[in-house]
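Read the structure below first, then the notes.
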Amino acid sequence: MIHSAVLLTTLLASVQVSAHGIMAWPIARVLPQDQQNGYTYTMGAINVNLGPHPAFDKLCNYLPPGPVFTQTLTAGAATVDYNIMNSHQGGCVAYISRDNQKTWQVIGTDPKCGVRGENASGQGSINVTLPAGEYNAVIRWSYIANNGGQPENEAFGGCADVKVSSTGSNSHNKYLLLSQTEPSQVPKSGDKYWDMSCKAGTTQCDGTNFISQCISLAASGGWSGGSSFYSYQCPKGTTCKTVGTTPACA
């Protein structure tokens, strides 16, 4: 079996920017096979030297709406978590859209999220307030570096599809997804994790606190299409179990 790191070599060869950062919570959209390749695409700047990509909203890494990976959230105080690698100063902003990405509302800021030792790694959170109501939404994280880039500073971001309800919860575990010095805490070790021909929606347990779901995206723009499993955390207080033949967090 050929691992996705090999499969994506050609696709991502033109990404010339340094790895910078990703949204760690809520659980973000991801390009199929990118997690297996160390989030190489996700960490690329959306505005400078990005390699072949799908033909959707630039602000969401050119990725379309997809499954809701995050537990149901609730209105009020919450956090948007991020991991930054190779910090280049600059700040972060969190947004929400409740009209299918037509408009964005700022829900929190961290003007110093990238202010740490040059090229250092770190985790952080933006305190946000989710608007009242029962709704589906998209939460977006944006990091604009201050690195004197040409023709503009590098911009990084990610989007998560979420559901907000009075019965939801914003409590969650914080896991490290990337770092220069520490390995990712996402196990990525399920039996089928490296399967690039999986059926969308198929799930498997990936360690006690994680579940993997097969995601698929058709060809568009410069993206040639593909599938892969995507490993993410179960809701806090639950574990991944297989009941009958169906793996689920419970």
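Nearest heavy-atom pair, W25 versus T79, reported as atom, atom and distance to 0.1 Å: CD1-O, 3.5 Å. When all heavy atoms of F210 and S231 are compared, the pair lying nearest together is CB-OG, 4.0 Å. Of all the heavy atoms in A28 and A160, the pair that sits closest is CA-CB, 4.0 Å. Closest non-hydrogen pair, T242 versus C205, comes out as OG1-SG, 4.0 Å. Annotation for W223 and A218: closest pair CD1-O, 3.3 Å, computed over non-hydrogen atoms. Minimum heavy-atom separation, G108 to V128: CA-CG1, 4.0 Å.
Under a hydrophobic clustering in which Ile, Leu, Val, Met, Phe, Trp and Tyr are joined whenever their side-chain heavy atoms come within less than 4.5 Å, directly or via other members, I96 and M23 fall into the same cluster. Residue Y175 is grouped with residue M85 when hydrophobic side chains (ILVMFWY) are merged at heavy-atom distances under 4.5 angstrom, including chains of intermediate members. At a threshold of 4.5 Å between side-chain heavy atoms, the hydrophobic network of Ile, Leu, Val, Met, Phe, Trp and Tyr places V106 and V138 in one connected group. Cluster membership check: V93 does not share its hydrophobic cluster with L130, using side-chain heavy-atom separations under 4.5 Å among Ile, Leu, Val, Met, Phe, Trp and Tyr. Under a hydrophobic clustering in which Ile, Leu, Val, Met, Phe, Trp and Tyr are joined whenever their side-chain heavy atoms come within less than 4.5 Å, directly or via other members, V80 and L176 fall into different clusters.
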>> Let's go through Q123 and I84 carefully: what are the C-alpha distance in whole Å and the side-chain angles of both, what is the deciding distance for side-chain contact (heavy atoms from CB on, under 4.5 Å) to 0.1 Å, and is it a yes or a no?
In response: CA-CA 6 Å; Q123 293 177 277; I84 290 180; over 6 Å; no
>> Checking L73 against I139 for the side-chain contact (heavy atoms from CB on, under 4.5 Å) test, could you report, in this order, the C-alpha distance in whole Å, the side-chain angles of both residues, the deciding distance, and whether it holds?
In response: CA-CA 11 Å; L73 304 177; I139 292 177; 4.2 Å; yes
>> Apply side chain to side chain donor-acceptor pair (under 3.5 Å) to residues Y232 and Q213 and explain how you reach the verdict.
In response: CA-CA 8 Å; Y232 54 92; Q213 179 174 333; 3.0 Å; yes
> Where do N209 and T239 land on the side-chain contact (heavy atoms from CB on, under 4.5 Å) test, with the steps shown first?
Replying inline: CA-CA 5 Å; N209 298 318; T239 57; 3.8 Å; yes
> side chain to side chain donor-acceptor pair (under 3.5 Å) between K236 and S169: does it pass, once the steps are laid out?
Replying inline: CA-CA 9 Å; K236 189 173 183 178; S169 172; over 6 Å; no
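Side-chain contact between S97 and W104 is present, with at least one heavy-atom pair separated by less than 4.5 Å. Between Q105 and P131 the shortest side-chain heavy-atom distance falls below 4.5 Å. Side-chain contact between R140 and L59: present, with at least one pair of heavy atoms (C-beta onward) separated by less than 4.5 Å. At a threshold of 4.5 Å between non-hydrogen side-chain atoms, the residues N61 and C159 do not count as touching. Annotation: side chain of T74 is not in contact with side chain of T167 (no heavy-atom distance under 4.5 Å). For the pair N170 and Q71, the minimum side-chain heavy-atom distance is 4.5 Å or more. Side-chain contact between L31 and T42 is absent, with no heavy atoms from C-beta onward closer than 4.5 Å.
Looking only at distances, a side-chain donor or acceptor of D34 sits under 3.5 Å from a matching main-chain atom of T40. Put simply, the side chain of N127 never gets that close to the backbone of A77: no donor and acceptor are under 3.5 Å apart. A donor-acceptor pair under 3.5 Å is formed between the side chain of R29 and the backbone N or O of L63. Using modelled atom types, no side-chain atom of T70 and backbone atom of V162 make a donor-acceptor pair closer than 3.5 Å. In terms of modelled atom types and a separation under 3.5 Å, the side chain of N83 and the main chain of L177 share a donor-acceptor contact. At least one donor-acceptor pair closer than 3.5 Å links the side chain of N47 to the backbone N or O of A155. Listed for the T72 side chain is no donor-acceptor partner under 3.5 Å among the backbone atoms of G168.
Here S184 contributes atom OG and Y39 contributes atom OH; the two are 5.5 Å apart, rounded to the nearest 0.5 Å. Here I211 contributes atom CD1 and Q204 contributes atom CD; the two are 9.0 Å apart, rounded to the nearest 0.5 Å. Note: W141 CH2 to F156 CZ = 8.0 Å, rounded to the nearest 0.5 Å. Taking CD of Q233 as the start and CZ of F69 as the end, the distance is 13.0 Å to the nearest 0.5 Å. Going from atom OH of Y95 over to atom CD of Q101 covers 13.5 Å, rounded to the nearest 0.5 Å.
Cysteines C234 and C240 keep their SG atoms at least 2.5 Å away from one another. Cysteines C92 and C113 have SG atoms closer than 2.5 angstrom.
A donor atom on one side chain and an acceptor atom on the other are found under 3.5 Å apart for Q35 and Y193. Between the side chains of Y82 and D110, at least one donor N or O sits under 3.5 Å from an acceptor N or O. Judged by distance alone, the side chains of S166 and E134 do bring a donor and an acceptor atom under 3.5 Å apart.
Screening D206, D195, T203 for a side chain to side chain donor-acceptor pair (under 3.5 Å) with S212, the sole residue that qualifies is D206.
By the side chain to side chain contact (heavy atoms under 4.5 Å, CB included) test, C214 is found to be paired with C198, T202, S227, F229, residues two or more places apart in sequence or in another chain being considered.
Using the six-membered ring where Trp is involved, Y62 and H53 have ring planes that are parallel, under 30° apart on the 30 and 60° scheme.
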